[in-house]
Amino acid sequence: VEIGIIGGTGDLGTALAVHLARQYKVVIGSRAKSKAESAISQILTEKGERDYLKKNLEAAENRDAVSRCDFLIATVPQSTALESMKNLASSFRGDKVLVSAVASVSKSGDEFHSDFSEYSITQQIQHLLPDSINLATAFQTVPANILYKEKPISADVLVACDNKQSYAKVAEVVSSISGLRPLYAGSLKQSGPIEGLTAMLLNIAINNRLKSPTIKLNSF
Ligand SMILES: NC(=O)c1ccc[n+]([C@@H]2O[C@H](COP(=O)([O-])OP(=O)(O)OC[C@H]3O[C@@H](n4cnc5c(N)ncnc54)[C@H](OP(=O)(O)O)[C@@H]3O)[C@@H](O)[C@H]2O)c1
C-alpha cells in the first residue's frame, strides 16, 4: 500500500509521514513538488538519515499523489480544504480511501468553537468527489507536535466512515502508529462531532493548563 498525504508538508502531514514510513511507502503531497522535497530533506535532517525514511518517503504534487495512491490522507487547512479537494477531484478514481483529518475550528472572543452546519467538512468533500471514493474522518484529536517528536503517546483515534471495509483499511493504518488505537465511531454522520472535538480540546488545553490534550476512552 502506498499512502499519499495531501498537504503533507505541514505539521500533521510530516508527523504522520515519519511514523507511517516505518511500514508504508509514503508520498508527501504538496501544491509544489519542490516544497515536498524540502519537507523530506528537513525530516531527514531532524530525524537522522534513517534507512526507512530515505527509502519510503517520496515527494509529489498533490495531484500525482492522488493518482498514484489508493489510500490518501488530507491534512490541509480547513479554510482551503473544499477548494483544494475540488481542484483535485478529477484525479480521484476507483475505490480509493480518503481520510480527512481536517478539523472544524473557529474562534470567537477567547473561545474556540466548531462550525455547525448541516454537513461536516468530510461530507462536503464527499459531495465534491466521485461516488466510488470512500471517505473517512480521523486524526482530529491527535496532537501533531507530540507525534512528530515521537514522544510516547496513548490516544484513541475516532474514525467515521460509511462502510466496514474502509474502516478496516483506516484502522490498519492508524494501528501501525505506536500508541494510537482506532475506534469505529460509525457512519459519516458521526464525522461532524469528531471534527468538532479539536475546538473542544483547544479550550480544554487553555482552561486547564494542559499542553497537548488528546482523547483516550475508558470502558469499565
Ligand atoms: N496540527 C495538528 O496538531 C492537527 C491535529 C489534528 C488535525 N489537524 C488538522 O489537519 C489539517 C492540517 O493541519 P496542519 O497543522 O498540518 O496545517 P498546516 O501545517 O497549516 O498546513 C498543511 C499544509 O496544507 C497546505 N496548504 C496550505 N494552504 C493551502 C491552500 N490554500 N491550498 C492547498 N493547500 C494548502 C500546505 O502545503 P503546501 O504549501 O506544500 O501545498 C501546508 O503545508 C488541518 O485541517 C487541521 O485542522 C491538525
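We're numbering straight along the sequence, starting at 1. Computed from a predicted model, the values in this text were never measured in an experiment. Each ligand, and each atom within it, is numbered from 1 in the order the structure gives.
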Could you list, one pair per line, each nitrogen or oxygen of ligand 1 together with any protein nitrogen or oxygen closer than 3.5 Å, giving atom names and the distance rounded to 0.1 Å?
residue  : atom   : partner : partner atom : Å
ligand 1 : 3 (O)  : Ala144  : N            : 3.0
ligand 1 : 16 (O) : Asp11   : N            : 3.1
ligand 1 : 16 (O) : Leu12   : N            : 2.8
ligand 1 : 19 (O) : Asp11   : N            : 3.2
ligand 1 : 28 (N) : Arg31   : NH2          : 3.4
ligand 1 : 31 (N) : Arg31   : NH1          : 3.3
ligand 1 : 37 (O) : Thr9    : OG1          : 2.9
ligand 1 : 39 (O) : Arg31   : NH2          : 2.8
ligand 1 : 39 (O) : Lys35   : NZ           : 2.5
ligand 1 : 40 (O) : Thr9    : OG1          : 2.6
ligand 1 : 40 (O) : Ser30   : OG           : 2.5
ligand 1 : 41 (O) : Ser30   : OG           : 3.4
ligand 1 : 41 (O) : Arg31   : N            : 2.9
ligand 1 : 41 (O) : Arg31   : NE           : 2.9
ligand 1 : 43 (O) : Thr9    : OG1          : 2.7
ligand 1 : 43 (O) : Gly10   : N            : 3.1
ligand 1 : 45 (O) : Val76   : O            : 2.7
ligand 1 : 47 (O) : Ala103  : N            : 3.2

Side-chain donor/acceptor of Ser100 to backbone N/O of Ala74, under 3.5 Å: no

Lys25, NZ: over 12 other non-hydrogen atoms inside 6.0 angstrom: yes

hydrophobic_cluster_shared for Ile6 and Tyr24, side chain cutoff 4.5 Å: no

Flag side-chain contact, heavy atom, 4.5 Å: Ile125 against Leu82: yes

Non-hydrogen side-chain atoms of Val170 and Tyr184 separated by less than 4.5 Å: no

Pairs of donor and acceptor atoms involving the side chains of residues 171-179, under 3.5 Å and at least two apart or interchain, shall be tabulated with distances.
residue : atom : partner : partner atom : Å
Ser175  : OG   : Ala171  : O            : 2.7
Ser176  : OG   : Val173  : O            : 2.7

